[in-house]
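Chain letters run A, B, ... following the sequence lines, proteins first and then strands; every chain starts at 1.
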Amino acid sequence: MTASDFDKIFSPYDPGDGKVRVRFAPSPTGQLHIGGVRTAIYNWAFARRNGGTFILRIDDTDPERSTEANTRAILDAMKWIGMDWDEGPEVGGPCEPYFQTQRAHIYQAALEKMKANGSVYPCFCSAEELAAKREANQKSAGYTGYDRTCRSLSPEEAQARIDAGESHVWRVKVPEDRGDIVFEDAIYGTCTFHADIMDDFIVMRSDGTPTYNFTTAVDDAIMGITHIIRGDDHLSNTPRQILVYEALGMKVPMFAHLSMILGPDGKRLSKRHGATSVQAFREAGYLPEAMMNYLSLLGWSLDGETTIFSLETLCNSFSIDRISRNPAIFDETKLAWVNSVYIKEMGAKRFVELAAPYLVSAGLTTAEEIESNRGWYEEIYPLVRERIKVMPEVVDAVAFLFRGTEVEFDEKSVAKVLGKEGVPEVIDSIIEVLGDDGLAWNAEAIEEAMRALLEKLGKKPKEVFQVARVALTGSMVSPPLFESIALLSREAVLARLESAKPIAQATFEAKQA
RNA sequence: GUCCCCAUCGUCUAGCGGCCAGGACGGCGCCCUUUCAAGGCGCAAACACGGGUUCGAUUCCCGUUGGGGGCACCA
C-alpha cells in the first residue's frame, strides 16, 4: 500500500446532489447510551428533514472492548426507538464496509500519504516513558502534551530504527506555522484553538492499528459527510481531526457539537445515576415513541410550546438552529409523564401486547391464556389507561382480577372501611343485588343495580361502594368499581363478598375492645 | 493545573434591545368524583453577580462566580 494507492482509494464519496450526509458512529463497547441515542436522533432527524442520507458506521477500533453482541444491541435499540439508516450494517451502501475494523487498508493508505508529504513522524518513546513524563509534567508546570522528543530525529536515523524492528507509533507533526485552528460550529459558532499548544497526537499505534481521531477524520471525509453532529466531548478533538483533513488535502465539513446530558446531580450522566441505556428504559416499560419524543426535547425545541409530537412532525421540523447550548439534566419524571401520554393513546390491542410480558412474569397468567382470551384482556385497558405511567405498573393495578375467589387484603383499607358498624349487613345486601340471576353481568347494569341499592338503604355512595371495593379488591384504591366487577366472574365476586363478611365483623369487634 | 464550552422558574425550555419574561414537567390549591387517577381552573416559582455599550438591557461587550467537557498507543 503506497501513497498513490491512497489517492485511488480516496475519492470522497459525492452523490453530486448537494444533499446532506450525516452519520452516527457508535463504538460497540457497551449498550446504546441515552446521550448516544439523542445524538443519533438529531442526526437522523436532520437527514430526514433535509432529504439527506443518514449513515450508521460502527467505530469498533478498540478491539479490547468492542463486541458483536454490543453491535447487535445497538442496531436493535436504534430500530426499536424508530430510526432507520440509509447506509450501514445490514443495508450496505456505496461506502462499504461500515465497520472500521474492516477498513484497515484505507487507514494504512492514508498513513502512507501522510508519510510521503511529511505530515507524520515515527515516535519510539515507550508508553511507560510517556506516562512517566506526563506525570512529572502534571505535577510541575501542568501537562502540555508530548514533548516531541522524536520529532527532531533525522529521517535516516528514524528509518534505521524502524528497519531494526524498533517498536514505534506514528504521530502527526503539528505545523509550526499553522496559527490558530478555526472552524465553524453550527451550534457554538466560530471556535478557535491555538495550534501552538496542540499535541503531536498519535495516529497509528505500535501494533499497527489506527486511533480514533485518525479513523474518524479519514472516514468522515471519504464517506462525504457534510455535517458532523456529535457530542460536546469531541469539541477538543475537532482541531486534531482538522489537522488530519488538512494533511490529507480533504475538505473540512460543518460541525455541530451537542452539549452533554447530565444526571440529576448535575454531573455527567453515568451508570451511577441508574438506567442509562436505551435497553434499560425499554425493559423498564417505556414506549419507544415516548423515548423519542422526550429525548428530542432534551436540548432541542420545536417552538417552545409543543411538548408532544409525532415522529413525522420531528422529521418535518427539526433544525440545528433550535438546538440549545446548555447541558440538560435528564429528568425521568418528565419522561414518565410523556410515557403516560402515549399510554393513553396506544389502544387496547397494543396494550395487551405490551402488558402481556409483565403479567406473565408476575405469575398472574400465561401467554396461552392471554392468547385465547384476548377480548377480556383488552377490556382491562380502559381501567388502567389513565392510571399507569410505565407498563410494569399494570401488574399492581390489576392483580386483584387474577386471584379467583381470593382477596389480598390491605390492612389499612380493611381497618378504615370494613371495620365500621353495620358493614356485614351492607355486604349482605350487595350480595343480594349481585347474586340476582336476572342481573346482566356488565358494568352499566351493575352500576344501575348498585345505585338502586343506595336508594333503598338510604346510604351515601361512599358507604356502600367503598365497602364493595375493599371487599372485592382488598384495597381502598382500585380501578373503577363497576367495570372491575364486570371483569370478575359472578362466582368470584360472591365468594369474595362472603369471605369479607367475617373479616369485617372481626375488625369491628377488635376496634370495640 | 491547563485549554475549551456553557449560564432564564426545582427541571426541560421560548425569548434573538422596548414582553405584565411565555409554555411543559413537578409542587400547591379549588372544581369534578364511590377510591385512585384522568380532566378543568387557578397559584407560587427564573433572567447568577459586577462593570460597561445604549434613550433603553434577559438580550450586545468585558470581568467575577458557578457548572460542564477535553488534556491516553479509549472512543
Undergrad: Please give the nucleotide sitting opposite rG50(B) as a Watson-Crick or G-U wobble pair, both distances under 3.5 Å, or none.
TA: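 Per the H-bond distance test, rC62(B).
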Undergrad: Both distances under 3.5 Å, Watson-Crick or G-U wobble: report the partner of rG26(B), or none.
TA: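 Base partner found: none.
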Undergrad: Compute the ring centroids of Tyr188(A) and Phe183(A), then answer whether they are less than 6.0 Å apart.
TA: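 Centroid distance Tyr188(A)-Phe183(A): not below 6.0 Å, so no.
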Undergrad: Tell me if the aromatic rings of Tyr42(A) and Phe24(A) count as close, with their centers under 6.0 Å from one another.
TA: no
Undergrad: Send over the distance from Arg230(A) CZ to rG70(B) P, rounded to a whole Å.
TA: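 Those two atoms, CZ and P, are 13 Å apart.
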Undergrad: Of all residues at least two apart in sequence or in a different chain, which pass the salt bridge (Lys or Arg N to Asp or Glu O under 4.0 Å) check with Arg325(A)?
TA: none
Undergrad: His273(A) and Phe330(A): aromatic ring centres closer than 6.0 Å?
TA: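 His273(A) vs Phe330(A): aromatic centres not under 6.0 Å.
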Undergrad: Using a 4.0 Å cut-off on protein heavy atoms (strictly under), produce a 5'-to-3' string for nucleotides 28-49 of chain B with B for base contact, S for backbone-only sugar-phosphate contact, and - for none.
TA: ------BBBBS-----------
Undergrad: List the protein contact pattern of nucleotides 17-23 of chain B with one symbol per nucleotide (5' to 3'): B for base contact, S for sugar-phosphate-only contact, - for none; contact means a heavy-atom distance under 4.0 Å.
TA: -----BB
Undergrad: With both distances under 3.5 Å as the test, what is the Watson-Crick or G-U wobble partner of rU34(B)?
TA: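 Partner of rU34(B): none.
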Undergrad: Look through every strand shown and name the nucleotide pairing with rG56(B) as Watson-Crick or G-U wobble, where both distances are under 3.5 Å.
TA: none
Undergrad: Partner lookup for rC20(B), please. Criteria are Watson-Crick or G-U wobble with both distances under 3.5 angstrom; report none if nothing qualifies.
TA: none
